[in-house]
Amino acid sequence: RKEVEQDPGPFNVPEGATVAFNCTYSNSASQSFFWYRQDCRKEPKLLMSVYSSGNEDGRFTAQLNRASQYISLLIRDSKLSDSATYLCVVNIDYKLSFGAGTTVTVRA
Amino acid sequence: SQTIHQWPATLVQPVGSPLSLECTVEGTSNPNLYWYRQAAGRGLQLLFYSVGIGQISSEVPQNLSASRPQDRQFILSSKKLLLSDSGFYLCAWSVVGSVAKNIQYFGAGTRLSVL
């Protein structure tokens, strides 16, 4: 079983739409959680950390459900520049485990 | 501010040739350092990590090795490349001591093609 599983998508949405997706993780000892964004052929960049209470960063909202071991990301008012692959990441000690990513394409 | 440098950006190597990829971090001391590989359409796979000079932990047995000769330098090597070594290699760093948070920052990556 993969440590982090994500729906690969793609999610094709029009500008202005809301898109949401999630991931599940297998290790209940995971300590911290993140969403990274990866553009085509580029390195991953931190989008946001995910906290148990849920947190927002502008148009992005992340939620964590430790009991069910899943993490979600919601993007409101999608922009063309939001087109990317979103990586779900969990941390245990020094090690990050990455999902394979969910691809989002925002169309004009 | 901290920066991470990785080179080369692109590399094409024949099977059986050696490999050396270098990563350096500026603006911080004693970082945790990591090497990942990303195969096409796949997630990142942790290859090695280091919490200090000369301290290397290997995650996956394979045709690669890593060294940390200086505090902010991390090198990925191979004596003989295989076709399966092709991929996108990424170096990353994080602040030491932040085990619970462990936010990692990535270099621009090296795209390796073994032919």
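Just so we're on the same page: letters track the sequence lines, and every chain starts at 1.
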Cut-off 3.5 Å, side chains only: do Gln38(B) and Gln38(A) have a donor facing an acceptor?
yes

Measure from the side-chain N and O atoms of Tyr36(A) to the backbone N and O of Gln104(B), and report whether any donor-acceptor pair falls under 3.5 Å.
yes

Under 4.5 Å to a heavy atom of chain B? For Lys95(A) that would be both

Which heavy atom of Lys42(A) sits nearest to which heavy atom of Arg111(B), and what is that distance?
N-NH2, 4.4 Å

Between Leu21(B) and Val15(B), is there shared hydrophobic-cluster membership here, with clusters defined by ILVMFWY side-chain heavy atoms closer than 4.5 Å?
yes

Is the count of non-hydrogen atoms from other residues, nucleotides or ligands lying under 6.0 Å from Gln13(B) atom CD greater than 12?
yes

So if you build clusters from Ile, Leu, Val, Met, Phe, Trp, Tyr with side-chain heavy-atom gaps below 4.5 Å, do Leu19(B) and Leu115(B) land together?
no

Run the numbers on Ile103(B) and Asn91(A) for side chain to side chain contact (heavy atoms under 4.5 Å, CB included), then give the verdict.
CA-CA 9 Å; Ile103(B) 294 175; Asn91(A) 170 55; over 6 Å; no

For the candidates Ser49(A), Pro44(A), Ser30(A), Gly99(A), which exhibits the highest count of non-hydrogen atom pairs separated by less than 4.5 Å from chain B?
Pro44(A)

Is Val12(B) reachable from Leu64(B) through a run of hydrophobic residues whose side-chain heavy atoms are each under 4.5 Å from the next?
no

Sorted by number, residues from residues 60-83 of chain A in contact with chain B (heavy atoms, under 4.5 Å):
none

Below 4.5 Å from any heavy atom of chain B, which atoms of Ser97(A) appear? Answer side chain, backbone, both or neither.
neither

Any chance CZ of Arg42(B) has more than 12 other-residue heavy atoms, nucleotides or ligands included, within less than 6.0 Å?
no

Can you tell me how far apart CD (Gln6(B)) and CD (Glu43(A)) are? Round to the nearest 0.5 Å.
8.5 Å

With clusters defined by side-chain heavy atoms of hydrophobic residues (ILVMFWY) lying less than 4.5 Å apart, directly or transitively, does Trp93(B) cluster with Leu47(B)?
yes

Same apolar cluster: Tyr105(B) and Leu87(A), side chain cutoff 4.5 Å
yes

For Leu44(B), is it the side chain, the backbone, both, or neither that has a heavy atom closer than 4.5 Å to a heavy atom of chain A?
both

Of the listed Ala92(B), Gly107(B), Ser57(B), the one with the largest count of heavy-atom pairs under 4.5 Å with chain A is Gly107(B)

Quick check on Phe106(B) against chain A: is it the side chain, the backbone, both or neither that has a heavy atom closer than 4.5 Å?
both

How long is the span from the CG atom in Asn102(B) to the OG atom in Ser32(A), to the nearest 0.5 Å?
6.5 Å

Return the minimal non-hydrogen interatomic distance between Tyr36(B) and Leu96(A), and the atom names on each side.
OH-CB, 3.7 Å

